[in-house]
Each structure stands twice: as C-alpha cells, then as structure tokens.
Amino acid sequence: MSRGTLSSVRFKTLPNSVRLDLETFRSKKTEDWNVDDLIGFMIYVAGKYRVPFEELNVHKFSGCAGKFMALMSEENFKERDPKYGTLLFREFRNLCSDALPRSADDQREAPCQSSSPESTGTSKTVRLSPKEDERRSSRSATRRSATRTENDGSEGKRGHHKSGNKLWEFIRDTLKNPETCPSIVRWENREEGIFRIVESEKMAQLWGLKKNNSRMTYEKLSRAMRYYYNSKIILPVSGRRLVYKFGPHAVDWKPA
DNA sequence: CGGGCGTTTCCTGGTT
DNA sequence: GAACCAGGAAACGCCC
C-alpha cells in the first residue's frame, strides 16, 4: 500500500543526465544485479522505510553488485552501513529467497553463467560511480574507511585470536566457519592441517569481500598463497590440485 | 619522506 | 581446452 516518496518514481535522473531505471532489480536474480539494480534496490528500501536515501551508504556498496553481494553476511552489510546494514541485509535476503544458503551445505548455483560478477557492462548499463570501473590506472580512492570492524564479535564464535587480515588467517577462519567450511573449503586431514579449496572462485570472492576488492580471483589468491611457501605458513601438497596444508608457522588451526 | 611487509596484478610457461 | 600450479616482476596500500 501507499508507497510514498521515492518508490513511486520509476526513473531517476542522475547529475550527468543519465536516466536510471529503478525497477529492473525486481525482475532479475540478485546474482545478476549490476550497480544500477543495486541503487534501485536501495532507493526502494529507503522509500519503504521512509528513510532519506542520502542516509544510506550507497557508495560503500558500489562494488558489491552481483554474486559478490550474495555472499555478504549481515556483518558485511553492517560494515558498510552501520545504521541501516541490517535492514538492507534483510530486505536483500528477502529478494533472494530462492537461493542462498542459511547454513553449510549450500546449493548448486543454478544455471547462471554470468561471466563477471558485476560490471557485466553489456549494453545499456549506466554507471553511477565511474571509479569502481576504470580499475587499472586509478584504483584510487576505493574508500576502505569502514574496514576496522573485526571486533564486532562476528567472528568470535569460539576462541578469540585477534584474527588479523592476513590471507592465511582468513583461510583458517573459513575452515572454522560452518557457513563456508564444508561447502567452500574443507579439511582433508584435520590433524595434519591439510585442507582443500572446494569452490575456488567463491573462496576468492569471499577474500575479495574481506579486502573490499571485487576484482579478486582464484588466480590471484593462489599467487598470494604461493608466497607463503617460503615462510612455511602454508605449503603445497604433492600433486593435489587445490589442496594445501598449514605449515609449522601457521597457528590456531589445530582441532583442540 | 623512506623502507618493508603483504599482498595484488600481470604474465610466461608448464601440468593435469 | 579449461582449470591449476610456479614464480618473476612491478605496483600498491599501509604501517612504522
């Protein structure tokens, strides 16, 4: 009923005189959302709850469209918008009811073949934030201002190592998290610290999520992992693809 | 400002 | 041919 303010408007005209369709997000799978769909969604939420659109930290989500966003937890939303993160998270999850795991063994990803998470800048996709897209030369001001939130207890399930932001720590944490453990990474031999990355690209997206970098790929993540060989924090396992093990210099991964 | 660490990005080449 | 694995190089962001 009465959808006041913004939601009654179908299009929004941006400063640069670009017209943005605010309704397309409704007809697409959330995984296929581009930046415009994301904005349309946020405008919708703002209207629904009578919140001034300007109060939503839209810019903090600009690089999260597509599958990237589908991997975000409530905490991830709150990191980007402390005030309305939870609300946005709930509304978002409502829209992807037909997918998304609420726990471990997730599902088979359906037949979507979007080649690239966001910026599948096919045709008429308008850009709201030019920055996030011109990558290369100006990876400039990727505002990473809301990244010091690792003490919100979100990870503190059991044990409370200061869990830094290092890659190997991130991997260790995903092995402890039932949201990711059997499905995206799993133990091959818990006692010896041998684990296997099951969903390589998802693992990479998750890592990118943590580092606020939507361009992360398994190729790049694995390169970073190879740098650990020397320091013996992580080591490769014979000829087993996607299988690694924690080395003598990795801590806090052992059973108990 | 400078240096170092921990990646990130790119790339060539080899393997499964 | 796709998806991985190995590393070298160079560029970056951040911290001290």
Side-chain angles (χ1 to χ4, degrees), chain A residues 59-68 71-72 76 79-80 106 108-121 129-152 155 161-175 180 183-189 192-253:
Chain A
H59 62 290
K60 293 279 184 57
F61 290 85
S62 61
C64 307
K67 291 196 246 183
F68 201 61
L71 287 170
M72 289 169 66
N76 292 145
E79 279 173 18
R80 290 171 170 69
D106 68 24
R108 226 42 319 203
E109 193 73 11
C112 78
Q113 32 119 258
S114 44
S115 50
S116 143
E118 73 218 279
S119 77
T120 331
S129 57
K131 349 197 61 180
E132 180 60 34
D133 206 41
E134 51 188 285
R135 13 154 295 110
R136 193 68 333 111
S137 55
S138 68
R139 62 182 83 281
S140 61
T142 319
R143 62 264 104 195
R144 47 194 30 187
S145 36
T147 333
R148 72 268 311 135
T149 323
E150 59 208 76
N151 51 356
D152 56 7
E155 322 231 333
H161 31 64
K162 58 303 177 78
S163 89
N165 282 58
K166 292 195 177 61
L167 174 58
W168 74 269
E169 294 173 311
F170 161 77
I171 293 171
R172 176 196 61 194
D173 293 344
T174 57
L175 279 161
T180 51
S183 55
I184 298 177
V185 252
R186 73 171 39 145
W187 288 109
E188 203 74 339
N189 185 320
E192 294 177 40
I194 299 175
F195 60 91
R196 172 170 40 171
I197 294 175
V198 183
E199 297 276 1
S200 61
E201 283 317 314
K202 276 189 181 175
M203 186 74 176
Q205 283 170 32
L206 241 27
W207 173 233
L209 194 53
K210 184 150 192 100
K211 298 294 291 294
N212 204 14
N213 175 6
S214 58
R215 301 171 307 276
M216 183 49 59
T217 63
Y218 178 68
E219 275 291 298
K220 291 184 277 194
L221 182 157
S222 62
R223 179 66 189 96
M225 286 179 81
R226 273 174 241 130
Y227 272 126
Y228 284 127
Y229 295 170
N230 260 332
S231 52
K232 293 181 167 43
I233 289 176
I234 284 180
L235 297 167
V237 172
S238 58
R240 313 230 269 140
R241 291 160 71 112
L242 298 172
V243 178
Y244 300 83
K245 69 173 292 184
F246 287 118
H249 290 111
V251 300
D252 268 343
W253 56 266

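Bear in mind that the values here come from a model prediction, so they are computed numbers and not experimental data. Chain A is the first sequence line, chain B the second, and so forth, proteins listed ahead of strands; every chain is numbered from 1.
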J.: Can you tell me how far the CG atom of A/Leu206 sits from the CD1 atom of A/Ile171, to the nearest 0.5 Å?
T.: 11.0 Å
J.: Give the ring-plane orientation class for A/Trp207 versus A/Phe170, where under 30° counts as parallel, over 60° as perpendicular and anything between as tilted.
T.: tilted
J.: For the pair made of CZ in A/Arg215 and P in C/dG13, what is the distance, rounded to whole Å?
T.: 10 Å
J.: Sugar-phosphate means primed atoms, P, OP1 and OP2; the rest is base. With that split, encode nucleotides 3-8 of chain C 5' to 3' as B, S or - using protein heavy atoms under 4.0 Å.
T.: BSBBBB
J.: Tell me what A/Trp168 touches on the nucleic acid: a base, only sugar-phosphate, or nothing, going by heavy atoms under 4.0 Å.
T.: nothing
J.: Rounding to an integer number of Å, can you tell me how far A/Ile171 CD1 sits from B/dG6 P?
T.: 15 Å
J.: Using a 4.5 Å cut-off on heavy atoms from C-beta on, say whether the side chain of A/Ile184 contacts that of A/Gln205.
T.: no
J.: To the nearest angstrom, how far is A/Asn230 atom CG from B/dT7 atom P?
T.: 14 Å
J.: To the nearest Å, give me how far apart CE (A/Met216) and P (C/dC12) are.
T.: 16 Å
J.: Looking at A/Phe246 and A/Arg172, what are the two nearest heavy atoms and their distance?
T.: CZ-CA, 3.8 Å
J.: Rounding to a whole Å, what distance do you find between A/Asn165:CG and B/dT8:P?
T.: 10 Å
J.: I would like to know whether A/Asp173 and A/Lys210 meet side-chain contact (heavy atoms from CB on, under 4.5 Å); could you show each step before the answer?
T.: CA-CA 12 Å; A/Asp173 293 344; A/Lys210 184 150 192 100; 5.6 Å; no
J.: When you measure from the side-chain N and O atoms of A/Lys220 to the phosphate of B/dT9, is any distance below 4.0 Å, counting only OP1 and OP2?
T.: yes
J.: Nearest whole angstrom, please: distance from the C1' of B/dC5 to the OH of A/Tyr228.
T.: 11 Å
J.: I'd like to check the side chain to side chain donor-acceptor pair (under 3.5 Å) partners of A/Glu219; sequence neighbours left out, ordered by chain and number.
T.: none
J.: Can you tell me if A/Lys211 touches the phosphate of B/dT8, counting only side-chain N or O atoms and a distance under 4.0 Å to OP1 or OP2?
T.: yes
